[in-house]
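Structure record follows, encoded as structure tokens.
So that the names make sense, note that chain A is the first sequence line, chain B the second, and so on, each numbered from 1.
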Amino acid sequence: MSDLLAKLNTEQLQAVTLPPQHALILAGAGSGKTRVLTTRIAWLLSTGQCDPAAILAVTFTNKAAKEMHARLGALLPINTRGMWIGTFHGLCNRLLRAHHRDAGLPQLFQILDSADQLAAIKRLLKALNVDDEKFPPRELQHFINAQKEAGLRPAAVDVWDDYSRRRVELYQEYETQCQRESVVDFAELLLRTFELLERNEPVRRHYQRRFRHILVDEFQDTNRLQYRWLKLLAGGEPPACLFCVGDDDQSIYRFRGAEVGNMRDFEREFQVTGVIRLEQNYRSHGNILDAANAIIRNNSARLGKNLWTEAGAGEPIRIFEAFSDSDEARWVVDEIQQLVRDGALRADIALLYRSNAQSRVLEHALFSAGIPYRVYGGLRFFERQEIKHALAYLRLIANPDDDTAFARVVNFPTRGIGARSIEALQDAARTWSTSLYATVPHLGGKPGTVLAQFVRLIEELRRETARLPLPELVDHVLDRSTLRDHYKSEKEGRERLENLDELIAAAANFTAEAQAGAEALAADHALLADFLAHASLEAGEHQADQGMDAVQLMTVHAAKGLEFDAVFVSGLEEGLFPHENSILESEGLEEERRLMYVAVTRARQRLYLSFAQSRMLHGQTRCNLRSRFLEEIPAPLARWLTPPKPRGGPGGGYYEPPRGAFAPRAQPAAAQALPGGLRVGQLVRHARFGTGVIIAAEGSGSDARVQINFGDAGIKWLLLGVAKLEACA
DNA sequence: AAGCTTAGACTTTTT
DNA sequence: GTCTAAGCTT
């Protein structure tokens, strides 16, 4: 136990051992946020304050959820499997599967990812003969998702003219289509679960009673619906403790609905009195932090925070002005070569940029210089065309009413079903109000038609695979659908074939994990449905080969949560960073500044900032002013390297021994007994300080002392013989 | 029905 | 400059 808490600083310790109450932890960049979150859970469990089943931990990405699982597993000798740790969407999926009847869904409902949703909307517009110039599918998608995130069903959306009325009608039509096809999009997962909990009292009560501690990671990224979802779950009698960790200065996802205001609202609505600030940074040198602090100070509406470090000031920040984008890229390459000569690992160097389009010039320069590099972003495993096609066949087996899947593969590989026949089928489906699949027999064609043959293929597949283990099922489908043959005969099909094999491997992997979880599977293809949900919810890795020591290229967004010894931020120009689309509104500009703050705080030891006088953008040469963010960095922190740049590196003093601030591993001890029947983790009452939790004990007899975290009143050492402590139940 | 050509767009992105 | 999508040709 004491091991668990030993390496925490005062604020971290305070946060970890907070008595049961709502809490807001403002965790600055590099301040040990994940550590606090996982140690908090470990503390609650190891002191016996609650049961693993009473914990609900919510993250945004699958990666973060996995990491939390792994860290907890290392901290505690319990199996974390039964615990509810996951993403908002993953947890909603779990709830909806468990209560599908109450939620008005079939057990094997499918999940649409964004691309599927867009395809579904396009199909809908076509079927309804809607002019997609007037209602661009992308805009409609955005509109629908925004309504759902606001918690609004079509009937509740305000309309004021023909256009807005028609848009809401289309929203309604989309809903009807999804329900008919038994598919659920990402926003629907959340809204459906929210409505289920709100309307179904027994279900709500059950989960409210069960989850005593709800912990939220990256709270600044929650949207309105997610916040209401949390409020609902925590709002039982007695209420659960909401422990929210976040950093308003790192909120960079406003464009997809994140609502920083949730932090303020949470503080107010839950009467969170003692906001805990984690401001000590264990990552960067002083100059880097000072620059970050100076930049972010220009934002209004902050909750307020100032990072500091015990590490020295370190190197000055290097700023370079280039003639052109290619000149900038050459300079970056030169500096990287210098760093590598000085012994840096390429994998510890990151090249960050505001938008993906900027990577090309950098890649070109790196390639010419023969420096290995890795670009993050782009297509992920489950988003690849061949994988999507294979999944569509699998989806039709699990749920033949999935028209998106049907439309995707009805003529792929081509089997002579053209646009005409599909259109006719769609019209018929509309009149009969049935799915495309179910409409085929109604067409009245002879059973020998290609469409009927396709339906028969799916039916046979369903029968043939009912008893097959998942990997064999996938393998069989790849053969019978002729997908494999199709890519075999395609010139560039080699990689696609490898990916299809990889899909079988993924299925095998998934099966193994599901069996370890020992969940009883009721229906045929239930495991298949789980696998398909997994594929939609977790799109997989961007790229596989991690072995090579390569320079890391990514957008600033993608870099959030990562850290590197040396960081280059290129393209610091007005219009690019801050981006021109965000410059007009102050809200947008402040988000750009937070983005800059995130970029700067990725660096451990060295930070390089650069901009170019002219740059090719969209096929045109543009001349931009240098970014205002550069002006916001105090002069003493930076060293300008004006061209012609000085040759020869700074040399020496760069690689310092690593600070061992975060040596992991702490063995939890059993809650030890203290005199008077008290023990660590116990809730006690003190006449003056109120209620608190015992977090440590030492001495014996008349010297016996205990350390207590009284929350807002702070952490105190009290003599057991003197202080009148009353144990709370 | 399938392949080829040309016109348009084009922050950021996870679930 | 490069990718996608729609339109046109065969």
Side-chain atoms of residues 139-146 of chain A: list all donor-acceptor pairs with protein atoms under 3.5 Å, sequence neighbours left out, distances to 0.1 Å.
residue, atom, partner, partner atom, Å
A:Q141, NE2, A:S114, O, 3.0
A:Q141, NE2, A:Q117, OE1, 2.9
A:N145, OD1, A:Q117, NE2, 2.9
A:N145, ND2, A:Q117, OE1, 3.3
A:N145, ND2, A:Q141, O, 3.4

Ignoring hydrogens and angles, write down the donor-acceptor pairs under 3.5 Å from the side chains of residues 582-589 of chain A, residues two or more places apart or on other chains.
residue, atom, partner, partner atom, Å
A:S582, OG, A:E592, OE2, 3.0

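A:Y253 comes within contact range of the sugar-phosphate backbone alone, with a heavy-atom separation under 4.0 Å but no base atom that close.
Evaluation of the side chain to side chain donor-acceptor pair (under 3.5 Å) rule for A:E363 yields A:S359, A:Y373 as partners, not counting sequence neighbours. Remark: A:V361 pairs with A:D325, A:S326, A:A329 by the side chain to side chain contact (heavy atoms under 4.5 Å, CB included) rule, at least two apart or across chains. Partners of A:E632 by side chain to side chain contact (heavy atoms under 4.5 Å, CB included), not counting sequence neighbours, listed by chain and number: A:I295, A:N298, A:R593, A:R628, A:F629. Applying the side chain to side chain donor-acceptor pair (under 3.5 Å) rule to A:E502 yields no partners; only residues at least two apart in sequence or on another chain are considered. Applying the ring-ring contact (aromatic ring centres under 6.0 Å, His included) rule to A:H534 yields the partners A:F510; only residues at least two apart in sequence or on another chain are considered. Checked against side chain to side chain contact (heavy atoms under 4.5 Å, CB included), A:S368 has the following partners two or more places apart in sequence or in another chain: A:H364. With sequence neighbours excluded, the residues satisfying side chain to side chain contact (heavy atoms under 4.5 Å, CB included) with A:H486 are A:F412, A:P413, A:E490.
Remark: P of B:dT15 and CD of A:Q110 are 19 Å apart, rounded to the nearest angstrom. What separates NZ of A:K63 from P of B:dT13 is a distance of 14 Å, to the nearest Å. If you take CG of A:L595 and C1' of B:dT11, they are 10 Å apart, rounded to a whole angstrom.
First and last contacting nucleotides of DNA chain C toward chain A (any atom under 4.0 angstrom from a heavy atom, 5' to 3' order): C:dG1 to C:dC3.
Taking for each of A:A357 and A:G416 the nucleotide of DNA chain B with the nearest heavy atom, the 5'-most of the two is the partner of A:G416. Taking the nucleotide of DNA chain B with the nearest heavy atom to each of A:I417 and A:A558, the more 5' of the two is matched to A:I417.
Taken residue by residue, residues 123-133 of chain A places no heavy atom nearer than 4.0 Å to DNA chain B. Using a 4.0 Å cut-off on heavy atoms, the residues of residues 570-579 of chain A that approach DNA chain B are A:H579, listed by number.
Between the base of B:dT15 and the side chain of A:S114 there is a donor-acceptor pair shorter than 3.5 Å.
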